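Encoded as C-alpha cells, the structure appears first; notes follow it.
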Amino acid sequence: MPRCNYVLSFGYNGDASAGVTGVWRHAEARSRGLRWVQVEPHLSITGAGATEWVPVRPKTDTAVLFALLHAILLEHDWRAVCDVPFLETMTSSPYLVGPGGYFLRDPETQKPLVWDLDRGRAVPFDDPACARPAMAGEYIAAGVEAGANGTRRSVSERVRPAFALLLDHVRPYTPEWAQAIADVPAGTIRRLAADYLAHATVGATIEIDGVTYPHRPVAVVLGKTVTNGWGGYECCWARTLLAALVGALEVPGGILGTTVRLNRPAQNRLDSVRPGPDGFMDQPLNPTGKDTWKGAPHIRSAYRTLVPLAANSAWSPALSPAHLPWLFMDNPPEHWPAPTLPEVWIIYRTNPAISNWETGRIERDLERFPFVAAFAYTQDETNWYADLLLPDATDIESLQLYRVGGTKYVEQYWQYAGWALRQPVGAPTCDTRDLTDVATELAARVGILDGYLEAVNRGSGTTVPLRGEGYDYALRPGRLPAAAEIWDRVCRAATMSLSHGRDERDLEWFKRNGAWFVPFETRNYFLHATMVAKGLRYELPYQERIRRIGEELAARLHERGITWWDVQLDEYQPLPKWKDFPEIWRGTAAAQGKDAREFPFWLLTSRSMQYSWGANVSLPIMADVAKNVKGHFGVMLNRGAARRLGIGEGDLVEIESPTGRTRGRAILREGVRPDVAVALQQFGHWATPFARDLGMPSLNEVASMDLALTDATGSGADLVPVAVRRLS
Ligand SMILES: Nc1nc2c(c(=O)[nH]1)N[C@H]1C(S)=C(S)[C@@H](COP(=O)(O)OP(=O)(O)OC[C@H]3O[C@@H](n4cnc5c(=O)[nH]c(N)nc54)[C@H](O)[C@@H]3O)O[C@H]1N2
Ligand SMILES: Nc1nc2c(c(=O)[nH]1)N[C@H]1C(S)=C(S)[C@@H](COP(=O)(O)OP(=O)(O)OC[C@H]3O[C@@H](n4cnc5c(=O)[nH]c(N)nc54)[C@H](O)[C@@H]3O)O[C@H]1N2
Ligand SMILES: [Mo]
C-alpha cells in the first residue's frame with residue numbers, strides 16, 4: 001500500500017478488516033491518487049471509499065479473473081505489455097511441457113528443459129548461455145517426463161513452452177463469456193485490464209536503501225470469501241499470475257507477503273527463500289509418495305493425509321479442514337478411522353457454537369461430549385455446555401510478550417521490528433490464573449513437565465528459542481517456573497537475538513517501557529532481490545507439482561478404498577479451469593430433496609470494523625458505536641428486491657436455506673445486489689450477555705457443514721443460497 005497506485009480488490013474488505021493501520025494506509029494512498037476498484041456483491045465499507053464498485057455475482061470471481069488474463073494475454077500484444085524478462089527468468093513460463101502434462105527433462109540431470117531460440121534446441125532451464133528461451137510455439141524435442149509415483153517416460157515429439165499452454169488455456173475465457181457468468185459487463189473487464197496494464201509501469205525501476213528494484217505499483221487482492229472454498233484455488237492462481245505477468249510479485253508497489261507461516265524460518269521472510277526442486281523457490285508440501293504419505297491421520301482434521309498444500313508447520317492445523325471431525329462424527333466416511341468423542345474437551349477464546357457452520361449440529365455434539373472445560377470471562381454459547389468453567393485472566397490481567405512491526409501483519413510495513421509486552425493493569429478481579437501458569441501446572445500434573453519445559457526452551461508458544469548464540473536462558477528441568485519467570489527469560493532471549501547480543505532487556509524493563517525495537521530496513525519487505533540473488537523462480541503459470549501430487553494423493557487414497565475425496569482430487573490441475581462454482585452451493589438444495597429455485601438469494605457476511613469476530617459482542621459500547629454504521633443490526637437487502645417481496649425498512653424477515661432458518665430486521669439499501677442479502681460478522685447469540693438481545697440473524701444457523709462444500713484445500717466459504725420473506 002505505501003507504493004501501490006492501482007488495486008483490484010475481489011471482496012477484500014480492508015477498510016473494515018485490516019485494522020487501523022489498513023484504514024490509515026488506504027486513506028493516505030487515496031490522497032496521493034491511488035485508484036481502488038472493489039469487485040464485490042455488496043457495497044462494503046471498503047467499496048464505499050473506493051474509486052469504483054463492480055457488483056459481481058457471488059462465487060464467480062474466478063470468471064472475471066480468467067477474463068482479465070484473457071484480455072491481457074490475447075487482446076493486447078503480450079510481448080509489448082507484459083514483463084517478458086521476468087516471465088522468462090523468474091517463472092516456469094519457458095519450461096517445456098511434454099504430451100503427458102509434465103515438464104520435459106534432461107534424461108541425465110532431470111532438469112526441466114527450455115527451447116533455446118538462438119541455438120534451435122532444448123537446453124536445461126539454468127543454461128547461462130540461453131538468452132532467448134521460447135515462450136510460444138511448438139518444438140520437437142527429446143527428454144523424459146517425470147510423472148506421479150516415480151514413473152518416467154521418454155519423449156521425443158512435439159512439446160510446448162508452459163506459456164504457450166497458458167495462452168491456449170485462457171482462450172475460451174473471453175470477457176463476454178465472463179459477463180454471462182459474473183454479471184460484470186465485458187467492457188468493464190476490458191477497461192480494468194487496460195487500467196491494470198497502464199498502472200503497472202512495466203520496465204520502470206525504483207531505488208530503495210541503495211538497491212534498484214522493478215517498480216510495479218499494481219495489486220490484485222482477495223478477501224476471505226474469495227480465497228476460501230471452491231474457486232479459491234483458481235482465484236489465488238489467477239491473481240498471482242496477474243502479478244507475475246507484469247513482474248509485480250514481491251517488488252515495490254506490488255503484492256507482498258506478510259509473516260511467513262508455512263516456510264521456515266517462520267520469523268524471517270528473506271531467509272525462508274530457499275532453493276526447491278526445478279529452480280523454484282522451495283515450498284514444502286506434505287509428501288504423497290507410497291512410503292512417505294501419512295496414511296493414518298495424526299490429528300482429527302487430517303491435513304497431512306488429505307491436504308498436501310497445508311504443509312506441516314505450527315500454522316498448518318489452522319489451515320486444515322477443521323470442520324471434518326464434526327462432520328464425520330455422525331456419518332464417518334468409508335475406510336476412515338472410526339470417530340470417537342473427545343474424553344476431555346478444553347476450550348479457550350473461541351465460540352464454535354456461533355462461529356462454525358451448522359451451529360445446531362455443533363451444539364448436538366457438545367451435548368454428547370463427556371467432559372468440557374472452558375476458560376471464560378463471560379457466558380457464551382459454547383461454554384454454556386461446559387462442565388467446568390474456569391475464570392480466565394484476560395488480556396489486561398496476564399502476561400505475554402509478542403512480536404510487533406516489520407511486515408508482520410497485512411498492511412503494517414513498519415521501519416522497525418521488535419517486541420511489546422502485555423501486562424496486568426491491576427489486581428485480579430476474581431480468582432483467576434494466568435494461562436501460562438495453568439499450562440505449566442497441567443504439564444506437571446500429567447507428568448510431562450520436562451518435555452513441556454524443553455518445548456518452551458525451543459520457542460514453542462512464544463516463537464523465541466531461549467538458547468542462542470551468546471546466551472542461554474533455558475529453563476532447567478524438574479522445577480515449576482512461574483509465568484513471570486518464563487516471560488522474563490523470553491524478554492531477554494527476544495532482545496538478545498534481535499540485537500545480535502548487544503541488548504538484554506528483562507521483564508522489569510518491558511514493564512516500564514512497554515516495547516523494544518530495532519530498525520527494519522525497507523528492503524526486507526521485498527523477496528525480489530533475494531530471489532534474484534539465489535536465481536530462483538516462482539512456480540507459475542504451470543504448476544507441474546500440483547498435477548503430480550494430485551495423482552499421487554489419488555493413488556494413495558484409492559489404495560485404501562477412499563473415493564469420497566474424488567471431487568476434491570479433480571482440483572489438482574496445473575492450469576486450473578473454470579467450474580460452475582455457484583452451482584456447487586446450489587446443489588445443497590437437491591441433496592436435501594428441495595428445489596434450488598426456492599432459494600434465489602445469496603446470504604453473505606462482511607466484517608464490521610467495530611467487532612473482533614465474536615470476542616467483543618458482549619460490550620454495549622461497541623454496539624453504541626456500531627449502530628451508527630450501516631448494516632448493524634439486521635440483514636441488508638436491495639431496496640428494489642425488498643419492495644417486490646413486500647418488505648419494508650425495519651420489517652422482521654425470515655431467511656431460510658435448505659437446512660435452516662434465521663431471522664432479523666431488514667435494512668434496505670441500493671448498495672446490495674438484488675440477489676444478495678448480507679448479515680455482518682457472526683451473531684445469533686442466545687447465551688452471551690447483551691449480544692443475545694441484539695436480534696442479529698446468523699448465517700451459521702442456515703449454513704450447512706458438508707463434504708460437497710469442501711474444496712481440495714479443505715476449506716469452505718461463508719455464503720449460503722437462501723429464501724427471504726417477510727414475517728408478519
Ligand atoms: N474489525 C475486524 N477486523 C477483522 C476481523 C474481525 O472480526 N473484525 N477478522 C479478521 C479475520 S479472522 C479475517 S479472516 C479477516 C477477513 O477479512 P476480509 O477478507 O476483508 O473479509 P470480510 O469482510 O469477512 O469479507 C469481505 C467481503 O467479501 C464479500 N463477498 C462475499 N462473497 C463474495 C464473492 O463471492 N465474491 C466477492 N468478490 N466478494 C464476496 C462480502 O461482500 C464482504 O464484504 O478480517 C480480519 N479482520
Ligand atoms: N457467519 C460468519 N461466521 C464466521 C465468519 C464470518 O465472517 N461470518 N468468519 C469466520 C472466521 S474467518 C473466523 S477466523 C472465525 C472466528 O471465530 P472464533 O474463533 O470462534 O472467534 P470468536 O467468535 O471471537 O470467539 C471468541 C470467544 O472467546 C471469548 N473471549 C474473548 N476474549 C476472551 C478472553 O480474554 N478470555 C477468554 N477465555 N475468552 C475470551 C468471547 O466471549 C468469544 O465467545 O469465525 C468464522 N465464522
Ligand atoms: Mo478468519
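Here the structure is a predicted model, which means the values were calculated and not measured. Start at 1 and go down the list; that is how both ligands and their atoms are numbered.
When the shell of 6.0 Å around CG of D431 is examined, it contains 12 or fewer heavy atoms from other residues, nucleotides or ligands. Annotation: R368, atom CZ; neighbour count of heavy atoms from other residues, nucleotides and ligands within 6.0 Å is above 12.
Ion pairing between E367 and R364 fails under the 4.0 Å rule for side-chain N and carboxylate O. Of the charged side-chain nitrogens involved, at least one lies within less than 4.0 Å of a carboxylate oxygen, so that R30 and D15 count as a salt-bridged pair.
When only modelled atom types and interatomic distance are considered, D718 and T605 share no side-chain donor-acceptor pair under 3.5 Å. Side-chain contact annotation: S698 with N700, donor-acceptor N/O pair under 3.5 Å absent. Under 3.5 Å, the side chains of E358 and H323 contain no donor-acceptor pair of N or O atoms.
The residues lining ligand 1, counting any heavy atom closer than 4.0 Å, are F10, G11, Y12, N13, A16, S17, V39, E40, P41, H42, S44, V56, P58, K59, D61, G223, K224, T225, V226, L604, T605, S606, R607, S608, M609, Y611, S612, W613, Q681.
If you number the atoms of ligand 2 from 1 as listed, the ones under 4.0 Å from a heavy atom of F375 come out as 38 (N). Atoms of ligand 2 lying under 4.0 Å from at least one heavy atom of A376, given by number and element, are 38 (N). Close approach of ligand 2 to L699 is summarised as follows: ligand atoms under 4.0 Å from at least one heavy atom of the residue are 1 (N). Remark: ligand 2 atoms within the under-4.0 Å shell around heavy atoms of D380 are 42 (O), 43 (C), 44 (O).
Aromatic ring pairs are classed by plane angle as parallel below 30°, tilted from 30° to 60° and perpendicular above 60°; the pair W177 and Y173 is tilted. Using a 30° and 60° split on the angle between ring planes, H632 and Y611 fall in the tilted class, from 30° to 60°.
Below 3.5 Å of separation, one finds no N or O of T394 facing any N or O of ligand 2. For the pair N351 and ligand 2, the shortest N or O to N or O distance falls below 3.5 Å.
Within the 4.0 Å heavy-atom cutoff, N700 counts among the residues contacting ligand 2.
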